[in-house]
Amino acid sequence: MKSNEERGNGRDGERGGAVPRPAGLRPPLPRQVELHGPLGDALAANLRGRLSRFIVDETSPAIALFAPERVRGNHEGDWYGEHAGKWLYAAAKAAARSGDAALAASVRRVADYLVSRQDEDGYLGNYAPERRFMRKQPPKPVSWNGEPALRTWDVWTHSYLVLGLLEAHRHIPEPRYLQAARRIGDLCLRTLDGGIAITELGNHFGMSATVLMEPAVELYFATGERRYLDLAERVLAQADAEPQLALLRRALAGADASEIATGKAYQLIWNLVGVLKLHRATGKPEYREAVERLWGNIREHHLSLGGGPWGGVAHRSREVFNAPGAFVPQGYIETCSVLAWLQLNRELLALTGHARYAEEIERTAYNDLIGAQAPDGEDWCYYSYANGKRVHTTYWRCCKSSGAMALEELPGVAYAADEAGVRVHLYGPGTAQLETAQAGAVELRQRTRYPFDGAVRIEVAPARPARFVVALRLPAWAEGFQPRVNGTPVPAEAGDDGYLRVAREWRAGDAIEFDLPLRPRLHRRTHRNVQESRAPDGAPVAQEVLRYDYAAISRGALVYAVGGLIDGYKTEETVKLPQAPCEAWIEPLADAGEGADLLLHAEGRPPLRLQPYYRAGGRAHGAWRFVWLPLPPEDAR
């Protein structure tokens with residue numbers, strides 16, 4: 001039986017005419033990509049761990065929440081119902097990618113059960129009747145971190161259920177899955193028509209309900225029915241009208257991400273995914289501009305070295321962005337926020353085709369994403385830290401399902417086809433099958449030890465000889481490389497979109513080879529405080545009253561860390577770095593099993609062994625990792 005993708009349905013719209021889609025890039029189907037190396041290992045662990053064990057059928061605890069007797073007694077404002085939609089989304093992708101029949105059967109059984117539990121009015125949550133989002137609630141007192149004292153995640157849960165049901169429908173052509181998702185959308189429409197504002201239905205000044213934008217637009221893409229697009233735009237309008245949120249206005253005015261609502265990273269970034277999809281659907285330029293402004297702000301001020309959104313130090317919540325310029329090595333990196341950031345870059349890459357977004361996906365994937373996953377594929381860190389102890393979170397926590405979702409996004413963004421030919425977005429061993437107008441199916445096979453080694457060989461096998469382009473992402477940290485085809489240097493055109501293009505007639509047996517320069521790079525950050533005022537004559541006064549300087553090392557896509565306590569008992573070690581370029585005192589070790597470790601030769605102490613952050617400390621619960629090493633005060637001078 002053909003999937004919706006093969007039938008040309010799903011996201012192209014079942015009726016209502018053509019639905020606007022991103023121009024240019026055509027991602028492969030899940031089954032057309034195989035990733036190996038660290039990312040492939042993480043995907044394999046995800047399938048045999050979280051996706052195959054957490055939920056199996058309707059008796060699994062995360063699905064049993066939807067049983068009638070459990071629903072009637074649920075008066076708490078919990079988020080636990082989100083796991084059902086998250087799992088459906090990730091498991092449907094993984095089953096399609098892997099061909100795992102048992103997982104596919106579980107997806108079908110769970111989706112069928114959830115559809116059977118849907119009420120006549122379309123409600124499919126797990127809240128008791130008096131707590132449901134369709135009932136207007138009295139105003140809630142605001143708590144210490146900006147969310148109401150009586151929390152509500154009902155619309156949030158339904159948003160994930162819509163996405164999960166649509167993803168199941170995309171791979172399993174059962175009309176009832178799409179119909180159930182539509183009925184949720186229709187219920188949300190009726191609720192807003194009845195005078196309840198979307199911002200009344202979520203925490204963080206409404207942000208955990210305004211995420212409904214993305215599933216509403218996805219319903220429009222799946223059906224072509226205008227009312228779902230109207231729903232998404234109404235949600236955005238109400239989000240913008242809420243004074244504490246003012247999402248669109250603040251973004252267009254250049255606000256920092258920490259200044260929007262509570263600055264909650266996960267919710268804010270998911271809202272941006274919805275706004276960008278609204279741009280795809282409507283073409284309104286202000287939507288794209290708002291997202292790109294905030295993307296640049298987050299990229300510049302609010303990411304860890306490993307690519308994850310971070311903050312929450314000396315702040316109102318662990319999961320909010322700090323003020324711009326704030327830096328503390330013990331900052332929180334929430335795995336849910338990593339998922340949202342990866343998805344936002346996925347959408348921007350699809351829309352613009354620019355390499356900067358693929359680079360952010362690769363940086364995040366190789367560091368903070370797989371650095372939060374345990375080798376068993378079941379355990380995850382809720383919070384990771386550049387400097388801190390690895391802690392695998394408890395059974396019900398949201399980040400375990402978010403990490404599983406994030407991993408399943410990677411095969412779909414690693415490669416793409418476009419009008420000119422094919423593109424390689426992510427480097428690493430694996431294969432892809434891409435459809436082109438010029439040559440039919442084109443198989444790409446990467447043979448490489450990247451990210452541990454910079455030598456990359458990509459074998460190109462078109463179904464028929466043809467002239468087309470193979471576009472290679474130019475990493476920002478690579479000073480350039482010379483591609484060779486079948487051993488001979490060839491001309492290549494570097495575009496302003498960050499790709500190097502090799503255009504020629506390709507035949508089966510051709511191969512591109514190049515060497516990415518994996519030189520160690522030194523990064524410096526400062527934890528500082530400057531007291532600012534004005535003198536009596538009006539002159540500005542700025543006095544630095546606190547300063548701690550730090551250094552970190554990366555090499556290619558990988559961030560490095562000291563794994564374990566330093567010297568067996570320290571959580572910090574001030575290092576005096578030589579004045580020479582870092583290549584003179586960073587020594588790559590020839591072979592360290594899974595990937596090359598480094599030795600850092602600081603002055604006045606034995607060498608420090610550095611490992612890729614994701615596996616530093618053996619990926620064990622309770623292991624310590626230290627990316628940022630304190631510098632002595634004289635280095636600051």
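Side-chain contact of D453 with T448: a donor-acceptor pair under 3.5 Å is absent, judged by distance alone. A donor and an acceptor atom, one from each side chain of D496 and H354, are nowhere located under 3.5 Å apart. There is no side-chain donor-acceptor pair under 3.5 Å between Q373 and N46. Residues S401 and R50 have side chains that bring a donor and an acceptor to within less than 3.5 angstrom of each other. Counted by atom type alone, E292 and Y287 present zero donor-acceptor pairs between their side chains at under 3.5 Å. Residues H204 and Y266 bring no donor and acceptor atom of their side chains to less than 3.5 Å of each other.
In terms of modelled atom types and a separation under 3.5 Å, the side chain of R390 and the main chain of A623 share no donor-acceptor contact. Under a 3.5 Å cut-off, the side chain of Q482 and the backbone N or O of V490 do form a donor-acceptor pair. Distance alone, capped at 3.5 Å, is enough to place a donor-acceptor pair between the R555 side chain and the L518 backbone.
Atom CG of N367 is separated from atom OG of S304 by 7.5 Å, given to the nearest 0.5 angstrom. In this structure, NZ in K400 is found 10.5 Å from SG in C381, a value given to the nearest 0.5 Å. Atom CD of residue Q343 and atom CD1 of residue I361 lie 10.0 Å apart, to the nearest 0.5 angstrom. Note that CD of E360 is 4.0 Å distant from CZ of R299, once rounded to the nearest 0.5 Å. One finds the CZ atom of F481 at 10.0 Å from the CG atom of D515 (value rounded to the nearest 0.5 Å). In this structure, CG in L245 is found 7.5 Å from CZ in R250, a value given to the nearest 0.5 Å.
Other residues, nucleotides and ligands contribute over 12 non-hydrogen atoms within 6.0 Å of the CD atom of E544.
Between Y613 and S384, the closest side-chain pair of non-hydrogen atoms falls below 4.5 Å. Side-chain atoms of H302 and N297, non-hydrogen and from C-beta on, do get closer than 4.5 Å to each other. Looking at heavy atoms from C-beta onward, E408 lies in side-chain contact with L51 at the 4.5 angstrom threshold. Residues E583 and P520 have side chains in contact (heavy-atom distance under 4.5 Å, counting atoms from C-beta outward). The shortest distance between side-chain heavy atoms of R547 and H527 does not fall below 4.5 Å. In this structure, P329 and Y550 have side chains that are in contact, with non-hydrogen atoms separated by less than 4.5 Å. Between V627 and V559 there is a side-chain heavy-atom pair separated by less than 4.5 Å. Residues D368 and T335 are not in side-chain contact: their nearest non-hydrogen atoms beyond the backbone lie 4.5 Å or more apart.
Across R521 and G556, no two heavy atoms sit closer than the pair NH2-O, 2.6 Å. When every heavy atom of A557 is checked against every heavy atom of E362, the shortest pair comes out as CB-OE2, 3.6 Å. For the residue pair V424 and Y499, the shortest heavy atom distance occurs at O-CE2, 3.8 Å. A365 and L410 make their closest contact through CB-CD2, 3.9 Å (heavy atoms, listed as atom of the first residue, atom of the second, distance). The shortest heavy-atom contact between T393 and R397 is OG1-CG, 3.0 Å.
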CA sep, side-chain torsions, deciding dist, call: F327, W628, ring pair (Phe, Tyr, Trp, His ring centres under 6.0 Å): CA-CA 11 Å; F327 171 78; W628 294 99; 5.1 Å; yes

For R605 and E603, run salt bridge (Lys or Arg N to Asp or Glu O under 4.0 Å): C-alpha distance rounded to whole Å, both residues' side-chain angles, the deciding distance at 0.1 Å, then the answer. CA-CA 6 Å; R605 64 150 292 124; E603 295 182 10; over 6 Å; no

Show, in sequence, the C-alpha distance, side-chain angles and deciding distance for V470 and R504, and conclude whether the side chain to side chain contact (heavy atoms under 4.5 Å, CB included) test is met. CA-CA 9 Å; V470 176; R504 58 176 279 126; over 6 Å; no

Should R445 and V460 be marked as a side chain to side chain contact (heavy atoms under 4.5 Å, CB included) after you check the CA-CA gap, both sets of side-chain angles, and the distance that decides it? CA-CA 7 Å; R445 181 177 296 274; V460 183; over 6 Å; no

For side-chain hydrogen bond (donor to acceptor under 3.5 Å, both in side chains), just list the numbers for R363 and S554, CA-CA rounded to whole Å, side-chain angles, deciding distance to a tenth of an Å, and then say yes or no. CA-CA 11 Å; R363 175 164 74 126; S554 67; over 6 Å; no

Apply side chain to side chain contact (heavy atoms under 4.5 Å, CB included) to the pair V338 and T364, showing each step before the final yes or no. CA-CA 7 Å; V338 170; T364 305; 3.5 Å; yes

Evaluate the criterion salt bridge (Lys or Arg N to Asp or Glu O under 4.0 Å) for residue pair R280 and E347; output intermediate values, then yes/no. CA-CA 10 Å; R280 279 174 47 190; E347 290 301 310; 2.7 Å; yes

Begin with the C-alpha distance, continue with both residues' side-chain angles, and end with the deciding distance and a verdict on side-chain hydrogen bond (donor to acceptor under 3.5 Å, both in side chains) for D256 and S258. CA-CA 5 Å; D256 186 81; S258 65; 2.6 Å; yes

Determine, step by step, whether T431 and V33 satisfy the side chain to side chain contact (heavy atoms under 4.5 Å, CB included) criterion, reporting the C-alpha distance in whole Å, the side-chain angles of both residues, the deciding distance to 0.1 Å, and the verdict. CA-CA 6 Å; T431 62; V33 176; over 6 Å; no

Dump the intermediate steps for side-chain hydrogen bond (donor to acceptor under 3.5 Å, both in side chains) on K86 and S402, then the final yes or no. CA-CA 7 Å; K86 285 182 172 181; S402 291; 2.6 Å; yes

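Relative orientation of the H392 and H621 rings is tilted, given thresholds of 30° and 60° on the angle between their planes. Relative orientation of the Y383 and Y332 rings is perpendicular, given thresholds of 30° and 60° on the angle between their planes.
Annotation: cation-pi geometry not satisfied between R484 and F514 (NZ/CZ under 6.0 angstrom from ring centroid, within 45° of ring axis).
Exactly one of Q446, R423, Q32 qualifies for a side-chain hydrogen bond (donor to acceptor under 3.5 Å, both in side chains) with Y415. That residue is Q446.
Under 4.0 Å is where a charged nitrogen must lie from a carboxylate oxygen, and between K570 and E572 no such pair does. Of the charged side-chain nitrogens involved, none lies within less than 4.0 Å of a carboxylate oxygen, so that R501 and E493 do not count as a salt-bridged pair.
Between Y357 and W295, the ring center distance clears the sub-6.0 Å criterion.
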